[in-house]
Each structure stands twice: as C-alpha cells, then as structure tokens.
Amino acid sequence: GTEKAIFDYSREPSAVVLFVQNLPHTVDASASMMVFGDGRVELDEKSPFDGTHERREIRLSESEVKSILKVAVDHGLAEYDDTRIDSEKKRSTGQVENIVTDGVRVRITIALTNLKRGKWESRDVKKTLMLESPGSFSQMFPEIPEYKGAHLLQKYLFEAIARARAEVQ
C-alpha cells in the first residue's frame with residue numbers, strides 16, 4: 001500500500017509504545033531503548049566486558065514520540081511480514097546465502113492503539129520483529145523499506161544514548 005498510514009498510540013506512562021534492541025552477534029553486549037506513552041525513554045547498555053548494565057533515562061516530547069513512531073510505521077514495520085521480505089530478497093539477489101553483513105540483529109516491538117491505511121484499519125496493533133543487519137541490508141535492498149526503517153531506529157537508539165550521556169555530564 002502506497003497510501004500513507006495514519007496511526008495513534010497510548011499516552012499511558014506505563015505503556016511501551018516502542019522497543020528497539022541492538023544485538024551484536026559476537027559479543028554478549030546489547031543496547032536498548034524503551035519508549036513509553038508519556039515520552040519517557042529508558043536506555044540500557046550491557047557492557048561486553050563485565051556484563052554490567054548502564055541505565056539512563058531521557059524524555060521525548062509528544063511530537064518526538066510521534067515522529068519516531070512515524071519512521072517505524074512509514075517503513076512498514078508495524079505491518080512486518082517475514083515471508084514477504086524473504087521472497088523480495090530472493091527476487092532481487094537470486095540467492096541470499098553468501099552475503100557478508102555486520103552480524104548485528106535488531107529487535108523491534110511497536111505497539112499502536114490504531115493503524116489505518118486507506119480502507120484498511122486495525123486496532124491494538126502489536127508487532128515484534130527481529131531483523132538481521134539492517135545497516136548492510138538497507139544498502140543491498142533499497143526496495144525493502146523495512147531494513148531502512150530498522151536501520152534508522154538503530155541509529156536513533158545510539159543517538160538517544162549519546163544524548164543521555166551528554167545530559168549527565
């Protein structure tokens with residue numbers, strides 16, 4: 001569907017509207033952000049060296065929450081379909097096995113109270129997905145917007161962590 005999606009989300013302080021987690025393959029390290037309906041963002045970094053967690057918090061305005069959710073929705077992540085993505089990848093490469101990637105997986109959960117695209121409408125949409133190497137794949141498969149969306153969320157996660165670090169100083 002090329003029609004723009006219209007969506008809404010819970011403003012409840014306890015409602016998680018977006019979760020993004022970056023999982024490198026090689027080390028036991030991760031970084032994640034949990035965005036709540038009221039704009040509170042919990043950031044968590046797990047160190048590969050000693051397994052300790054560094055937790056930080058930032059606040060987003062309502063328009064910032066909307067715009068990061070819009071990135072996810074506009075790139076199709078709320079309507080994500082593994083089967084379709086696999087077939088699109090195969091169609092554009094002929095085969096997918098021998099691709100060298102950065103080995104990072106990104107797990108994303110998006111929760112919306114409402115999602116509408118054209119005549120189609122759905123309530124209480126909750127989607128969890130895991131994408132391999134969105135940075136690499138978004139360049140290889142520009143025609144699959146989900147990779148680009150996941151890559152943008154991945155970048156946003158690291159920008160949020162940098163912002164939180166700067167606020168502490």
Heavy-atom pair with the smallest gap, counting every atom of [X] and [Y]:
X    : Y    : answer
M33  : L153 : CE-O, 4.4 Å
A78  : V73  : CB-CG2, 4.4 Å
P134 : A150 : CB-CB, 3.7 Å
A160 : L43  : O-CD1, 3.5 Å
Q154 : G135 : OE1-N, 4.1 Å
V17  : S10  : CG1-O, 3.6 Å

ILVMFWY network linking [X] to [Y], side-chain heavy atoms under 4.5 angstrom:
X    : Y   : result
F19  : V65 : no
F158 : L23 : no
F36  : Y9  : no
I6   : V71 : no
Y156 : V41 : yes

With a 4.5 Å cut-off on side-chain heavy atoms, are [Y] and [X] touching?
X    : Y    : value
V106 : L157 : no
M140 : K89  : no
V35  : L69  : no

Apply side-chain contact (heavy atoms from CB on, under 4.5 Å) to the pair I85 and Y147, showing each step before the final yes or no.
CA-CA 9 Å; I85 295 221; Y147 283 119; 3.8 Å; yes

Test side chain to side chain contact (heavy atoms under 4.5 Å, CB included) applied to D44 and R55, E54, M34, the passing residue:
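One option only clears the test, and that one is R55.
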
Qualifying residue, where the test is salt bridge (Lys or Arg N to Asp or Glu O under 4.0 Å) with E64 and the options are R59, R163, K70
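Answer to the salt bridge (Lys or Arg N to Asp or Glu O under 4.0 Å) test with E64 among R59, R163, K70: R163.
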
Look up atom [atom1] in [X] and atom [atom2] in [Y], then write down how far apart they are to the nearest 0.5 Å.
X    : Y    : atom1 : atom2 : value
E45  : I161 : CD    : CD1   : 4.0 Å
L115 : I110 : CG    : CD1   : 8.0 Å
K66  : D8   : NZ    : CG    : 7.5 Å
R105 : S30  : CZ    : OG    : 10.5 Å
H75  : E146 : NE2   : CD    : 9.0 Å
D38  : L60  : CG    : CG    : 10.0 Å

Begin from the C-alpha positions of H151 and Q139 and carry the test side-chain contact (heavy atoms from CB on, under 4.5 Å) through to its verdict.
CA-CA 10 Å; H151 187 48; Q139 290 167 347; over 6 Å; no

Side chain to side chain donor-acceptor pair (under 3.5 Å), paired with E79, selected from K127, R117, R84:
R117

Under the criterion side-chain contact (heavy atoms from CB on, under 4.5 Å), I'd like the reasoning laid out for L18 against I108: C-alpha separation, chi angles, the key distance, then a yes or no.
CA-CA 7 Å; L18 182 67; I108 296 164; 4.2 Å; yes

